[in-house]
Asker: 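Take a look at this one; I'll ask things after.
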Amino acid sequence: MEKEKSILAQNISTLRKAKKLTQSELAEKLNYSDKTISKWENDDTSPDIETLISLSDFFGVTLDELCKRVITSSKADKDIKKNENFFTKFTRNKIVITCISVIFVWFVATLVYIGIRLGTNISAWMSFIWAIPVSFILLIIFFSIWGNKNLVLIASSFFIWTFLMAVHLQFISLNMQNIWLVYCLGVPIQFGIILSFLLEKRKNKKETENLAENEKE
């Protein structure tokens, strides 16, 4: 006879289905294996307290609701929709903040350009070139704060090459020859960033596998 599942096991399954996720998809988002998710839903094992908090945040329910109250499919749909609306608004706010910050960088670059042109006859177009890598520095900071490692990798790569481009153009204006060789510096730096990203990703995957093994024991 099949054993009766705990409230927690039922709720994890109900909320996952309400969010239209497979066990594998949920496992990927939480950095666990699909076998671990299956064990939770079959009530073979239970998540630790930190994972329970992550689950409650992910599904948009309280810890008390997740562990002690049976969540029906209709309530799960309502909670998921409410949570998605919150994250949509939160994501929109992040985009607005990022855009305002980048616009401010270009505003400062424009002020520098106008200031130089008003005071001298020196070409000031380089202020806009330097605004490009500075913008990517801001993106790296914001993406790091918000925990999006993939976007951090992309922004870091763009920063490297736009910074080297700015250096190249700056010294070309000073009539320095062979300054194009500065781009050679970008190759090992880019390789190091990608390698660091892959190693961290592999480390996280290994920690997840080890955690799954410990749960089996």
Side-chain angles (χ1 to χ4, degrees), residues 1-96 98 139-140 142-157 193-217:
M1 183 177 178
E2 186 178 354
K3 68 176 182 179
E4 184 179 353
K5 296 180 182 179
S6 67
I7 292 175
L8 174 61
Q10 294 178 56
N11 286 344
I12 292 175
S13 178
T14 301
L15 290 166
R16 174 182 61 79
K17 292 173 183 176
K19 213 166 175 63
K20 295 180 173 58
L21 295 173
T22 64
Q23 290 182 343
S24 297
E25 289 170 339
L26 177 59
E28 184 177 352
K29 291 181 180 296
L30 297 174
N31 290 322
Y32 279 90
S33 67
D34 54 347
K35 291 181 179 178
T36 300
I37 304 299
S38 177
K39 285 184 176 182
W40 292 347
E41 294 185 359
N42 290 325
D43 206 19
D44 293 330
T45 60
S46 296
D48 57 35
I49 185 61
E50 291 183 2
T51 306
L52 286 173
I53 294 172
S54 298
L55 282 168
S56 63
D57 290 340
F58 180 76
F59 289 126
V61 297
T62 65
L63 197 58
D64 186 66
E65 288 176 324
L66 181 64
C67 300
K68 297 181 180 180
R69 303 178 186 176
V70 176
I71 299 175
T72 61
S73 297
S74 58
K75 186 179 187 308
D77 290 335
K78 184 178 179 181
D79 289 338
I80 294 297
K81 186 175 181 180
K82 181 180 178 182
N83 193 42
E84 287 177 347
N85 289 336
F86 169 78
F87 278 107
T88 299
K89 184 177 179 180
F90 182 64
T91 301
R92 191 185 302 120
N93 290 340
K94 290 194 295 185
I95 294 173
V96 170
T98 304
L139 292 179
I140 292 170
F142 283 126
F143 293 153
S144 298
I145 292 173
W146 295 323
N148 197 319
K149 295 180 181 179
N150 291 332
L151 290 180
V152 170
L153 172 65
I154 294 171
S156 298
S157 299
I193 289 176
I194 294 175
L195 182 61
S196 175
F197 174 80
L198 293 175
L199 288 174
E200 185 175 359
K201 193 172 182 180
R202 183 179 178 183
K203 179 183 176 182
N204 292 338
K205 184 178 180 181
K206 191 171 182 180
E207 288 177 351
T208 300
E209 291 174 350
N210 290 337
L211 185 59
E213 288 295 326
N214 291 334
E215 288 180 347
K216 288 181 181 179
E217 296 176 358

Asker: Give a yes or no answer on whether the side chain of Asp43 reaches the backbone of Ser6 with a donor-acceptor pair at less than 3.5 Å.
Answerer: yes
Asker: With rounding to the nearest 0.5 Å, note down the distance linking CD1 in Ile37 to CD1 in Ile12.
Answerer: 7.5 Å
Asker: Are the side chain of Ser13 and the backbone N or O of Gln10 linked by a donor-acceptor pair below 3.5 Å?
Answerer: no
Asker: Using the test side-chain contact (heavy atoms from CB on, under 4.5 Å), find all partners of Ile145 that sit at least two apart in sequence or belong to another chain.
Answerer: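 Checked Ile145 against side-chain contact (heavy atoms from CB on, under 4.5 Å); matches are Ile141.
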Asker: Would you please say whether a donor-acceptor pair under 3.5 Å links the side chains of Thr14 and Asn11?
Answerer: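 On atom types as modelled, these side chains do not qualify, holding no pair under 3.5 Å.
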Asker: Mark yes or no for whether Thr98, through its side chain, and Lys94, through its backbone, hold a donor-acceptor pair below 3.5 Å.
Answerer: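 At least one qualifying donor-acceptor pair exists.
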Asker: Any side-chain heavy atom of Ser46 sitting closer than 4.5 Å to one from Leu52?
Answerer: no
Asker: Using a 3.5 Å distance criterion without hydrogens, assess whether the side chain of Ser156 forms a donor-acceptor pair with backbone atoms of Val152.
Answerer: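 Yes; judged by distance alone, with no hydrogens or angles, the pair exists.
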Asker: What residues form a side-chain hydrogen bond (donor to acceptor under 3.5 Å, both in side chains) with Ser157, not counting sequence neighbours?
Answerer: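 Ser157: side-chain hydrogen bond (donor to acceptor under 3.5 Å, both in side chains) contacts with Gln190.
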Asker: Distance from Asp34 atom CG to Thr36 atom OG1, nearest 0.5 Å?
Answerer: 8.0 Å
Asker: List in chain and number order the residues that pass side-chain contact (heavy atoms from CB on, under 4.5 Å) with Glu25, two or more places apart in sequence or in another chain; answer none if no residue qualifies.
Answerer: Leu21, Thr22
Asker: Is the closest side-chain heavy-atom distance between Trp40 and Leu8 below 4.5 Å?
Answerer: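 Counting from C-beta outward, Trp40 and Leu8 never come under 4.5 Å.
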Asker: With rounding to the nearest 0.5 angstrom, report the CD1 to CG distance, Ile193 to Leu198.
Answerer: 12.0 Å
Asker: Could you tell me which residues satisfy side-chain contact (heavy atoms from CB on, under 4.5 Å) with Ser38, sequence neighbours excluded, listed by chain and number?
Answerer: Gln23, Asn42
Asker: Kindly give the heavy-atom pair with the smallest separation between Arg16 and Phe59, and that separation in Å.
Answerer: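 Here Arg16 and Phe59 meet closest at N-CE2, 3.8 Å.
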Asker: So, using ring-ring contact (aromatic ring centres under 6.0 Å, His included) as the criterion, who are the partners of Phe143 when residues are at least two apart?
Answerer: none
Asker: Got Ile7 and Cys67 here, is their nearest side-chain heavy-atom distance under 4.5 Å?
Answerer: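 They are not in side-chain contact.
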